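To start, the structure itself, in structure tokens.
We're numbering straight along the sequence, starting at 1. Each ligand, and each atom within it, is numbered from 1 in the order the structure gives. Hydrogens, waters and symmetry mates play no part in the numbers below; they use all other heavy atoms, side chains included. This is a predicted model, so every value here is computed, not measured.
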Amino acid sequence: MAASEFDIIERYFTWAPSGRREIVLGVGDDAAEVALPAGARLLLDVSQIREHQEFQRGDDAGSVAHRLLADAAVRSAARGATPIAFTLALSLPAPDAPWLEGFSTGLADLARTHDIALIGGDTTRGPRSAVLHMHALLAPGIEPLSDRNAASGDLIYVAGRFGDAGLAVLHEAGELQLPRRERQLAEQALRYPVPELPAAGVIAGLASSAAAIRQTLAKDLEQLLTASGCGATIQVQRLPLGAALHANLDRAGGWNVALHGPALGQLCFTVPESAQVVFEQRIAALGQVCTWIGMVERNQGLRYVMDDGSEL
Ligand code: ADP
Ligand code: MG
């Protein structure tokens, strides 16, 4: 796409310079340059999405970009690191202004909100796809968190709210009619999920394990526990619900929507009992909301318990 490549970069991917002092050189130079504070380390991570696979032609391009960046950023956060910069390799069959406009806006909005800088990339002609390389800063002295190190007796927490995206899926499938306001909330949660990035500052160096939710809370939590060789009991009614599901819980079929609906960008993690007090203090100090939902146990498998003691 030689002739128009520079136009595309200039028009859609050259943003106002990031205020991040780590970024020395960004878009426009032959290579980007990132300066790390003494003792800090970078966690690098790559995500690729392709048309017909991870997204479809008719999908809202802003949402496609938002979800790509949100997912990449939260995965770094789940390692206890702060996402600071990313590169983007974009391939398109032909310059496509409406799609590029939507994609770059979705990307820039989220990047700006969380101060993650776009520092470079490549733009080529080919099947519609994007590759995003995330660079996340691990503070000096902090070890990256594992997604397989939960131990029996640890407390299980989540960051985020659950169920609204699942409600949108039910609505889109025609299984449920929602009032306008709640439909908007639900669709927003599905298409533009708010990534739980500030939680990284709370869990770094304290949690025993953490996982970014990419599918559903139930699936990703089960994966974390299985990889750790443990199981858990979850107090279902402690789950923080999105506002739309909260208002429609009975009609939507109850708590299953929160457990088994999509929850991209939310976070689940485990905290050893010995670290609980420090952890709760840090949550309060940072003004974050993390919710305790259950305990890690030696018995494999997940047990979902309601307040009255019955199993879900
Ligand atoms: P080169 O001529 O060396 O191949 P490019 O033309 O690919 O360089 O890119 C010019 C500049 O624009 C580089 O700084 C590159 O990192 C940046 N860039 C290219 N494509 C993108 C993109 N999709 N998003 C962000 N930056 C990009
Ligand atoms: Mg190029």
Practice task
Look at atom CG of Asp308 and say whether more than 12 heavy atoms of other residues, nucleotides or ligands are closer to it than 6.0 Å.
Solution key: yes
Between [Y] and [X], does any NZ, NE, NH1 or NH2 come within less than 4.0 Å of an OD or OE carboxylate oxygen?
| X | Y | result |
| --- | --- | --- |
| Arg79 | Asp45 | no |
| Glu54 | Arg67 | no |
| Arg41 | Glu143 | yes |
| Asp164 | Arg161 | no |
| Asp71 | Arg214 | yes |

Pick from [options]: the one approaching [atom] most closely through a non-hydrogen atom:
| atom | options | answer |
| --- | --- | --- |
| atom 15 (C) of ligand 1 | Gly121, Ser104, Ala32, Gly28 | Gly121 |
| atom 14 (O) of ligand 1 | Val27, Asp29, Thr87 | Asp29 |
| atom 19 (C) of ligand 1 | Leu132, Thr14, Ile8, Ile9 | Ile9 |
| atom 3 (O) of ligand 1 | Val131, Asp30, Thr123 | Asp30 |

Problem - Shell of protein N/O/S atoms around the Mg ion (ligand 2), taken as anything under 2.8 Å - result: Glu5 OE2, Asp122 OD1
Using atom types as modelled, flag every donor-acceptor pair under 3.5 Å from a side chain in residues 178-190 to any protein atom, sequence neighbours excluded.
from   : atom 1 : to     : atom 2 : distance (Å)
Glu182 : OE1    : Asn248 : ND2    : 2.8

Handout entry: atom 8 (O) of ligand 1 protein-contacted, heavy-atom criterion under 4.0 angstrom
Key =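 No, no protein heavy atom sits under 4.0 Å from atom 8 (O) of ligand 1.
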Practice task
Mark whether atom 1 (P) of ligand 1 lies under 4.0 angstrom from at least one protein heavy atom.
Solution key: no
Practice task
Check the angle between the aromatic planes of Trp99 and Phe103 and answer parallel, tilted or perpendicular using the 30° and 60° thresholds.
Solution key: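 Trp99 vs Phe103 ring planes: parallel.
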Practice task
Measure the distances from the heavy atoms of Tyr12 to every atom of ligand 1 and state whether one is below 4.0 angstrom.
Solution key: no
Shortest protein heavy-atom distance from [atom], along with the residue and atom involved:
| atom | answer |
| --- | --- |
| atom 25 (C) of ligand 1 | Gly120 O, 3.4 Å |
| atom 5 (P) of ligand 1 | Glu5 OE2, 3.5 Å |
| atom 4 (O) of ligand 1 | Asp122 OD1, 4.5 Å |

Practice task
Compute the ring centroids of His66 and Tyr192, then answer whether they are less than 6.0 Å apart.
Solution key: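 Ring centroids of His66 and Tyr192 are less than 6.0 Å from each other.
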Practice task
Answer yes or no: is there a side-chain heavy-atom contact under 4.5 Å between Ser63 and Phe55?
Solution key: no
Handout entry: Any side-chain heavy-atom pair of Thr216 and Phe162 under 4.5 Å
Key = no
Handout entry: Residue Phe6 vicinity, atoms of ligand 1 by number, heavy atom under 4.0 Å
Key =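 In order of numbering, the contacting atoms are 6 (O).
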Problem - Per-atom contacts, ligand 1 versus Phe13 - under 4.0 Å to a heavy atom - result: 23 (N), 24 (N), 25 (C)
Handout entry: Short side-chain donor-acceptor distance under 3.5 Å, Ser208 and Thr270
Key = yes
